[in-house]
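Here is the structure we will look at.
To find a chain, count down the sequence lines: A is the first, B the second, and so on, and within it residues start at 1. The figures that follow rest on heavy atoms only: side chains count, while hydrogens, waters and symmetry mates do not.
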Amino acid sequence: MSWLPVSAARKAPVGSTVTVKGWVRTRRDSKADGGLSFIALHDGSCFDPIQVVAKADLPNYATEVARLTTHCAIEADGEIVQNPKGGNEIAASAVRVLGLVDDPDHYPIQPKPHTMEYLREVAHLRVRTNTFGAVARVRHCLSMAVHRFFHERGFFWVHTPIITASDCEGAGQMFRVSTLDMVNPPRQSPQGPIDYAQDFFGKEAHLTVSGQLNVETYCCALTNVYTFGPTFRAENSNTSRHLAEFWMIEPEIAFADLAADATLAEEFIKYLIKTVLTERADDMKFFDERIEKGLLARLQHVLDTPFRRLSYTEAIAVLERAIAGGKKFEFPVKWGADLQSEHERFLTEEHFKQPVVLMNYPKQIKAFYMRLNEPGTDSAPGDTVAAMDVLVPGIGEIIGGSQREERLDRLDARIAEMGLPAENYGWYRDLRRYGTVPHAGFGLGFERLMLFVTGMQNIRDVIPFPRAPKQAEF
RNA sequence: UCCCCGAUAGCUCAAUGGUAGAGCGAGCGGCUGUUAACCGCUAGGUUCUAGGUUCGAGUCCUAGUCGGGGAGCCA
């Protein structure tokens with residue numbers, strides 16, 4: 001008798017005998033046919049459970065089967081039979097209890113609707129629910145699709161370091177990594193600053209906030225590369241779109257400009273959506289019905305429509321026209337200022353109603369490594385850099401990227417202009433000294449992609465064990 | 001970090017400053033090839049924490065903790 005995952009048992013030929021193992025979702029009893037119980041059993045292999053029908057003549061029926069409650073662990077042998085209302089079910093010849101649920105009245109997960117906030121408090125058990133099982137399967141599916149997309153295009157996956165002693169990443173507050181005694185750290189003088197020369201790495205070290213600078217080195221040797229790994233930001237961000245530990249995908253392409261970067265981003269997102277719609281149709285149907293009505297239509301619209309590309313300068317004009325037409329914003333719209341969330345939402349959700357790629361931002365609001373555009377690009381009233389943000393309805397910014405400054409003199413000028421310590425950028429500058437090439441890349445927040453694809457509302461519910469300010473349980 | 005809101009049974013929520021309740025879930029029983037099952041009965045409470053006001057606080061005040069929505073930072 002062969003052990004099959006529930007997904008396979010649901011498709012097994014009628015008449016075959018199988019064993020299934022998993023956790024009880026619900027048990028319903030009937031007095032018909034001398035008494036029987038219907039057990040909905042799931043093992044995570046697919047969205048739908050399989051129904052195990054256990055009759056009262058089983059030797060352990062009264063003592064065990066009739067006492068099964070939600071999430072008891074069992075294995076069942078039986079014959080695949082046709083359910084009167086369609087689909088496979090298992091006529092059990094044996095049901096073995098592997099693990100009962102202690103004190104079902106207080107078991108945290110009950111066969112009833114729970115709030116996401118509550119389930120977050122029982123993250124070790126929430127994955128047994130419909131919603132979090134579906135999230136876990138979609139997350140896996142998207143992860144594999146990320147690698148397949150790049151692999152099929154000849155990209156190499158580069159394992160950039162998690163720990164970094166480079167202070168030039170500059171993308172946000174960092175978590176310190178240290179083996180020094182925090183209570184009594186070594187100091188350069190009795191009351192002086194902490195002596196990090198005595199620390200593990202001989203200097204200050206942190207968890208990475210981005211693999212970009214490191215991956216640029218591999219890009220300038222392997223041409224097309226990407227990173228996909230954990231990323232850490234110590235910002236005190238308390239929102240439904242931020243985590244302290246999240247996963248980021250950062251492709252970097254050589255001999256490429258910003259337009260090629262935007263094309264890659266669009267093809268990437270569409271590939272991922274297409275894959276998940278095909279491979280996880282069961283879970284996606286659930287999200288469409290129970291999490292966000294109209295999700296599937298929304299994603300199909302994204303697939304069918306080219307992303308709307310426009311310059312930052314044009315976007316400002318669009319927003320100014322909207323204001324002239326009576327649209328009210330809390331924050332002013334002005335060329336040279338960063339767009340507020342409300343502005344981005346207006347563009348992607350109300351005005352264009354599709355993903356939008358904004359390009360060529362004022363240089364003063366963007367990072368030092370972004371390539372300076374020729375004066376007058378997009379008829380902009382000031383200097384711009386070749387940066388892009390991809391905005392999507394419901395989430396806002398899902399991708400941030402740029403063409404990198406490959407010209408050493410311009411890069412040095414920017415580093416000086418922004419008051420950054422030039423000595424920290426030695427190896428990064430070397431890339432511009434030795435065989436420099438135009439190159440570009442972007443960062444995609446994996447959990448934001450998950451929100452976009454599943455319709456889930458809070459980023460803490462699309463990662464197994466979320467880390468956020470005051471939140472590191474489990 | 002800022003603004004607003006909230007915390008009462010396992011869960012979701014009620015309760016004029018005056019005896020803490022309901023629905024769901026759970027247990028027991030009934031009914032039924034059931035599938036968001038249905039009907040009846042029963043059990044279930046340190047009202048987030050620490051102070052304060054009051055004859056009396058779930059309710060009012062102060063502080064804190066945690067959660068939610070929005071903003072900022074960003075992915």
Side-chain angles (χ1 to χ4, degrees), chain A residues 25-41 48-55 66-67 69-70 81-87 89 91 101-122 125 129-130 170-173 209-212 227 230-250 265 289-290 330-331 338-342 344-345 365-367 389-392 395-401 442-452 457-460 463 468-471 473:
Chain A
R25 189 151 271 158
T26 58
R27 189 201 88 235
R28 292 173 297 275
D29 302 323
S30 171
K31 286 295 191 305
D33 297 345
L36 68 170
S37 288
F38 302 97
I39 300 163
L41 192 72
D48 291 300
I50 192 161
Q51 178 158 285
V52 174
V53 183
K55 295 205 170 179
R67 297 183 175 184
T69 58
T70 298
V81 298
Q82 182 84 28
N83 181 287
K85 293 184 180 168
E89 65 181 26
V101 165
D102 183 43
D103 190 8
D105 186 30
H106 288 75
Y107 179 62
I109 312 283
Q110 296 165 347
K112 55 162 288 189
H114 288 297
T115 62
M116 298 292 172
E117 292 79 24
Y118 169 70
L119 289 170
R120 214 172 288 149
E121 296 171 10
V122 287
L125 300 170
T129 64
N130 282 333
Q173 288 293 112
V209 293
S210 164
Q212 181 202 316
T227 72
T231 309
F232 307 87
R233 303 272 169 94
E235 259 105 28
N236 193 7
S237 296
N238 294 289
T239 80
S240 55
R241 299 180 309 284
H242 290 84
L243 290 166
E245 176 183 280
F246 63 101
W247 287 62
M248 187 154 64
I249 299 148
E250 296 173 291
E289 288 170 356
R290 294 297 179 89
E330 186 184 347
F331 294 92
D338 218 348
L339 295 179
Q340 301 290 322
S341 289
E342 57 173 346
E344 296 180 345
R345 278 205 311 274
I365 58 173
K366 289 293 181 182
D389 282 353
V390 179
L391 313 177
V392 296
I395 312 293
E397 183 182 344
I398 196 169
I399 281 178
F442 62 79
L444 169 74
F446 186 62
E447 285 75 19
R448 289 192 180 172
L449 174 74
M450 283 289 297
L451 294 177
F452 184 59
Q457 292 294 304
N458 194 308
I459 201 161
R460 298 173 193 202
I463 190 168
K470 300 292 189 318
Q471 185 168 42
E473 282 300 311

Hey, does [X] reach any base, or is it just sugar-phosphate, or nothing, if we go heavy atoms under 4.0 Å?
X         : result
Asn238(A) : base
Lys85(A)  : base
Glu121(A) : nothing
Ile398(A) : sugar-phosphate
Ala32(A)  : sugar-phosphate
Phe246(A) : base
Thr69(A)  : sugar-phosphate
Ile399(A) : sugar-phosphate
Pro108(A) : nothing

Legend entry - Side chain Asp33(A) and base U32(B) donor-acceptor under 3.5 Å: no
Legend entry - Donor-acceptor pair (no angle test) under 3.5 Å: Ser237(A) side chain, C74(B) base: no
Legend entry - Atom P, compared across G64(B) and G70(B): separation rounded to whole Å: 24 Å
Legend entry - Interatomic distance at P, A20(B) relative to U47(B), whole Å: 11 Å
Inset, instruction - Grab the two heavy atoms, one from Ser210(A) and one from Met248(A), that are nearest each other, plus how far apart they are. - result: CA-CE, 4.0 Å
Inset, instruction - Using whole Å, report how far CG of Asn236(A) lies from P of A71(B). - result: 16 Å
